[in-house]
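Following: one structure in structure tokens, then a few remarks.
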Protein chains: 2
Amino acid sequence: MVIGLEARRLLVMVVSCTVEYSGRTGSHLGEGERLVIVKGDGCILVHRGRDYQPVNWQPSGCIIQAQASNGTLVLKAVRPSPLESLTLVVKDVQFLGTFLLQDDAEFILHASEEEMQRAIILQPDVIEPGFKILDFEKKVPPGFVDVYGVDSEGNTVVIEIKKDPAGFPVIKQLLEYLKYLQAPPGKKLRPMIVAPSIAKGAQSALAKSGIEFKQLTLQKAVEILQKYARSDQQALKSWL
Amino acid sequence: MVIGLEARRLLVMVVSCTVEYSGRTGSHLGEGERLVIVKGDGCILVHRGRDYQPVNWQPSGCIIQAQASNGTLVLKAVRPSPLESLTLVVKDVQFLGTFLLQDDAEFILHASEEEMQRAIILQPDVIEPGFKILDFEKKVPPGFVDVYGVDSEGNTVVIEIKKDPAGFPVIKQLLEYLKYLQAPPGKKLRPMIVAPSIAKGAQSALAKSGIEFKQLTLQKAVEILQKYARSDQQALKSWL
DNA sequence: ATGTTTATGTCGCGT
DNA sequence: ACGCGACGTAAACAT
């Protein structure tokens, strides 16, 4: 008897089983009770009683077959490339249910770096009075300059934004960008890192690099966004 | 009314809910049906109908509170450090169950590097004819030499094993080990990397370093292990 | 189809 | 507690 793994349906079961994995490497898990989830897109998760991550799994896009014989159910999930297979031998089913999840909502992730950028664009003087934006996501060969503008005296300001404490990598990255940028005649090129703080060991390297640092916390950025955007505050006002 | 989140128990529910996350960054997910899992160690997973990974989650070790009011259940999972919170507003419960998973099995992951080492130890001439093992996991100040032996001419061979394509780090590591090793008088010291392949940019560095490269794939290693070990083939013969 | 980069990565280990 | 590297990382994005 073969269980029809209903297309588009979510299969949830609590079972006693063993799990074998073979592929990029291999694993073995003896008998025990686990929560098994099979999703409609052909991925499978085997969860134990603790830990965020499943003890065994197979990502979406693999072929799942199930067959029962002699009172045991064997679930097999094979991923074509890279070739790897997950095999569950189910001895005992404590719970089994299938669900059709009605879920059309859009998932919105607020990338804080993007919000910091938006805050600077909306209110450039958060950097310093008189700062004007010329461009953002400006293309240079190694990547994109987050914000590009001029200060009150006409000097070019090149801003790299970091949501985390600014460390060596961002210093290196910004120095790389500078190779492809230059200030107008008689003006200076002011490289600047905008971040909530400076990483522990990076203070002296930052000083030596000639890069300026301007503190901007996510909280401050959010305040600015709130001030300018009356709509879309729902996600923000539920802080606690 | 507050649901008692039974200690050590696994809570599984299929609900219609909204999810807000705020912490390292933030996210918003409108109403829809999802599978929610709360484990005994205080982690929470919100799964949609597709994809291996949960759409929202909180790792283990966070404080989970639940309160019901006006027909809606609010689940909150707060992680102290880094401070972040996940909030579910549950409108409708399609399924709810709690389970006590009896699971004492040990999870065994076959680290392929270890199996490559075992294959070399079982059959040293997989490296080259006449190669003899003197020691493995041999202690040197910076770490452990994977395999240590002599070739047919009495030269000392120092082997570092990598399961992934050998890159710069392993070259550096092996060179480090060499500082603490020396060949017998009149003999050579032969550093060697054993790996399935050489990483993209590492070819020339490897040549310059004076380190030899011997290809050994996991598959070849497994073949050798199979040849020598008649037992423990169960995990291997169930392919497909 | 393959390679590269990101991530609310998570997790384990060493200091 | 913090920093670092590994992971069967997975997934998105570019080639």
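Throughout, a chain's letter reflects where its sequence line sits, starting with A, and its residues are numbered from 1.
When the salt bridge (charged side-chain N to carboxylate O under 4.0 Å, His left out) test is applied to A/Asp103, the partners found at least two apart in sequence or on another chain are B/Arg34, B/Arg48. Listed by chain and residue number, A/Arg24, A/Arg79, A/Glu84 satisfy the side-chain contact (heavy atoms from CB on, under 4.5 Å) test with A/Pro82 (two or more places apart in sequence, or in another chain). With sequence neighbours left out, the ring pair (Phe, Tyr, Trp, His ring centres under 6.0 Å) criterion links A/Tyr52 to B/Trp57. By the salt bridge (charged side-chain N to carboxylate O under 4.0 Å, His left out) test, A/Lys220 pairs with no residue at all, sequence neighbours left out. Under the salt bridge (charged side-chain N to carboxylate O under 4.0 Å, His left out) criterion, B/Arg9 pairs with no residue at all, not counting sequence neighbours. Under the side-chain contact (heavy atoms from CB on, under 4.5 Å) criterion, B/Phe213 pairs with B/Ile193, B/Ala195, B/Ile198, B/Leu206, B/Gln215, not counting sequence neighbours. The ring pair (Phe, Tyr, Trp, His ring centres under 6.0 Å) test applied to A/Phe136 returns no partner, not counting sequence neighbours. By the salt bridge (charged side-chain N to carboxylate O under 4.0 Å, His left out) test, B/Glu212 is found to be paired with B/Arg190, residues two or more places apart in sequence or in another chain being considered.
The separation of C/dT4 from C/dT8, taken at their P atoms, amounts to 22 Å, rounded to a whole angstrom. Spacing of P atoms, D/dC4 relative to D/dG8, comes out at 22 Å, to the nearest Å. On the C1' atoms, D/dC7 is 15 Å away from D/dA11, given to the nearest whole Å.
Applying the salt bridge (Lys or Arg N to Asp or Glu O under 4.0 Å) rule to pairs touching residues 168-181 of chain A yields A/Glu176-A/Lys179, sequence neighbours excluded.
Helical stems involving DNA chain C, defined as 3 or more consecutive Watson-Crick or G-U pairs under 3.5 Å, span C:1-7 with D:9-15, C:9-15 with D:1-7.
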Q: Go along nucleotides 8-15 of chain C 5' to 3' and tag each nucleotide: B for a protein heavy atom under 4.0 Å from its base, S when only backbone or sugar atoms are that close, - otherwise.
A: BSSS----
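Minimum heavy-atom separation, A/Asp51 to B/Lys39: O-NZ, 2.7 Å.
On the nucleic acid side, DNA chain D has its first and last nucleotide under 4.0 Å of a heavy atom of chain A at D/dC2 to D/dA11, going 5' to 3'.
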